[in-house]
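Only this structure's heavy atoms are used, side chains among them; waters, hydrogens and symmetry mates stay out. Keep in mind that what you see is a predicted model, and the values were worked out from it rather than measured. Indexing begins at 1, ligand by ligand and atom by atom, following the structure's order.
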Amino acid sequence: MTRPLDHGDFAAASAAGLEGTIVANTILSDVDGTNGNLILRGRHIEDLAGNLPFEAAVEHLWGEQVRRSDSSLREAFARARIAAFEAASAMRHAPATLDIYDRMRLGLCAVPETEGLAKVEQISGAMPVLLAAAARMNNGQSPIAPDPSLSVAEDLYRMTTGENPSRDAVRTLDRYLVTILDHGLNASTFTARVIASTHADMRDAVVGAMSALKGPLHGGAPGPVLDMLDEVGTPEKADAWIAAELNRGNRLMGFGHRVYRTRDPRADVLKQGLAALPRDNPKIALAEAVEKAALSALARAKPNRPLDTNVEFYTAVLLDAIGMDRSLFTPLFATGRTPGWCAHVVEQQETGKLIRPGSTYVGPLAD
Ligand code: ACO
């Protein structure tokens with residue numbers, strides 16, 4: 001006996017994307033999509049980003065819940081960077097076809113255990129080294145060894161570019177890394193929690209989360225945002241370019257969000273970071289024109305769906321402004337988000353149960 005595939009049921013289930021479904025309790029972060037607020041363990045993102053270095057923000061997020069070594073986090077991350085540098089040789093022998101992100105995932109699997117450091121510190125502390133080494137290898141350059149006397153932002157910049165960062169570059173990187181530290185149960189964090197719920201290792205959860213982050217509907221968007229700005233070219237062409245893009249049925253990268261029905265607060269935090277940089281950057285005026293054109297075109301095209309600027313739009317302009325190549329945008333996102341993923345893994349391991357949802361079978365019936 002067979003029953004024809006019921007496309008109606010199938011579409012209803014798959015299009016829902018678990019929207020509105022609560023699958024975990026967390027004390028880490030709250031995304032209030034109605035009012036446009038993001039709170040990390042009791043503090044607004046505006047209070048953290050731009051005011052705290054990355055290490056201090058991670059310390060705040062982890063709080064008492066995430067057990068770690070007795071060292072200061074700056075020291076623990078520095079030790080983790082030194083240990084992670086050993087993994088660079090595994091990345092070097094990888095096929096030349098791998099991109100920076102692939103190499104980072106490979107390197108993460110090869111990071112050795114470091115005695116005296118907690119897993120959260122080893123993994124989170126390794127990411128800047130993996131990013132920098134992978135980026136340099138992909139450019140045919142030798143990786144630069146970490147300098148344990150530096151902060152994460154300083155050393156990340158130095159190991160990646162080979163230059164000592166300006167104060168502006170360090171402040172900007174800190175602001176960016178803090179802004180994207182944690183964000184409720186987004187797709188990559190959910191992935192990390194699903195993997196952690198099977199009692200797999202924290203490293204497996206982070207590798208899986210990195211894979212989920214890579215897609216353009218999630219953390220893969222800022223590179224395409226910069227491509228879009230390049231294609232638009234000048235502010236006066238923004239309206240026509242945006243209209244043509246929407247007419248072709250394409251999505252505008254850097255706009256829309258599953259949870260926010262208003263502006264993503266992180267967009268403004270990053271835009272403020274741009275305002276603190278020297279104003280001779282023509283991309284800022286271009287971005288503002290594209291944003292204005294996009295918001296009014298989206299409001300006309302989708303009157304029933306509030307679509308506003310998300311974090312990825314100004315991520316692209318901000319990171320570009322401090323000389324970060326677009327190939328580094330998603331790797332940088334993963335680097336800043338890793339302590340958030342790790343904290344969710346700890347929370348899942350301590351409070352959660354195997355995550356195993358059901359599905360409605362809408363295929364042919366067996367005889
Ligand atoms: N451009 C044009 N139309 C859009 C956009 C966009 N950026 N975003 C949503 N829409 C439209 C959809 O086409 C759909 O229209 P329809 O109902 O007429 O078919 C409607 O708005 C609802 O879209 P959904 O896909 O159901 O919304 P969802 O909540 O699943 O999507 C998402 C959220 C994936 C972020 C979406 O807004 C998008 O694709 N944005 C562009 C990519 C992007 O910027 N990603 C980064 C997100 S932030 C982050 O993850 C860190």
So for ligand 1, is [X] a polar contact partner (N or O within less than 3.5 Å, distance only)?
X: R305; result: yes
X: N250; result: no
X: L217; result: yes
X: R258; result: yes
X: L246; result: no
X: F255; result: yes

| Taking only residues at least two apart or on different chains, which pairs with a member in residues 68-80 satisfy side chain to side chain donor-acceptor pair (under 3.5 Å)? |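 Pairs touching residues 68-80 that pass the test: E59-R68, S69-E121.
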Heavy atom under 4.0 Å from ligand 1: found in [X]'s side chain, backbone, both, or neither?
X: D264; value: neither
X: I180; value: neither
X: K302; value: side chain
X: N186; value: neither
X: E312; value: side chain

| said: According to ring pair (Phe, Tyr, Trp, His ring centres under 6.0 Å), who are the partners of H60, at least two apart in sequence or on a separate chain? | reply: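 If we apply the ring pair (Phe, Tyr, Trp, His ring centres under 6.0 Å) test to H60, skipping adjacent residues, there are no hits.
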Counting distance only, does the side-chain N/O of [X] pair as donor-acceptor with the main-chain N or O of [Y] below 3.5 Å?
X: R203; Y: L108; answer: yes
X: D264; Y: T309; answer: no
X: N186; Y: T189; answer: yes

| task | Side-chain contact test, heavy atoms from C-beta onward, threshold under 4.5 Å: evaluate it for L318 versus I322 and give yes or no. | result |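 They are not in side-chain contact.
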| query | Does a salt bridge link D102 with K214, judged by any charged N lying under 4.0 Å from a carboxylate O? | reply |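 The answer is yes: the pair qualifies as a salt bridge.
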| query | Between E163 and R158, is there a salt bridge with N-O shorter than 4.0 Å? | reply |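 Here R158 does not pair with E163 in a salt bridge, since their nearest N and O are not under 4.0 Å apart.
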| request: Answer yes or no for G254: is there a heavy-atom contact with ligand 1 below 4.0 Å? | output: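 Checking ligand 1 against G254, which is what was asked, there is a heavy-atom contact under 4.0 Å.
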Ligand 1 atoms in contact with [X] (distance to a heavy atom under 4.0 Å):
X: V311; answer: 51 (C)
X: F333; answer: 51 (C)
X: L298; answer: 1 (N), 2 (C)
X: P216; answer: 42 (C), 43 (C), 45 (N)

| query | Shortest non-hydrogen contact from A212 to T191? | reply |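 Closest pair (atom of A212, atom of T191, distance): CB-OG1, 3.4 Å.
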| task | Tell me whether the centres of the aromatic rings in H257 and H183 are closer together than 6.0 Å. | result |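 When the ring centroids of H257 and H183 are compared, they turn out to be within the sub-6.0 Å range.
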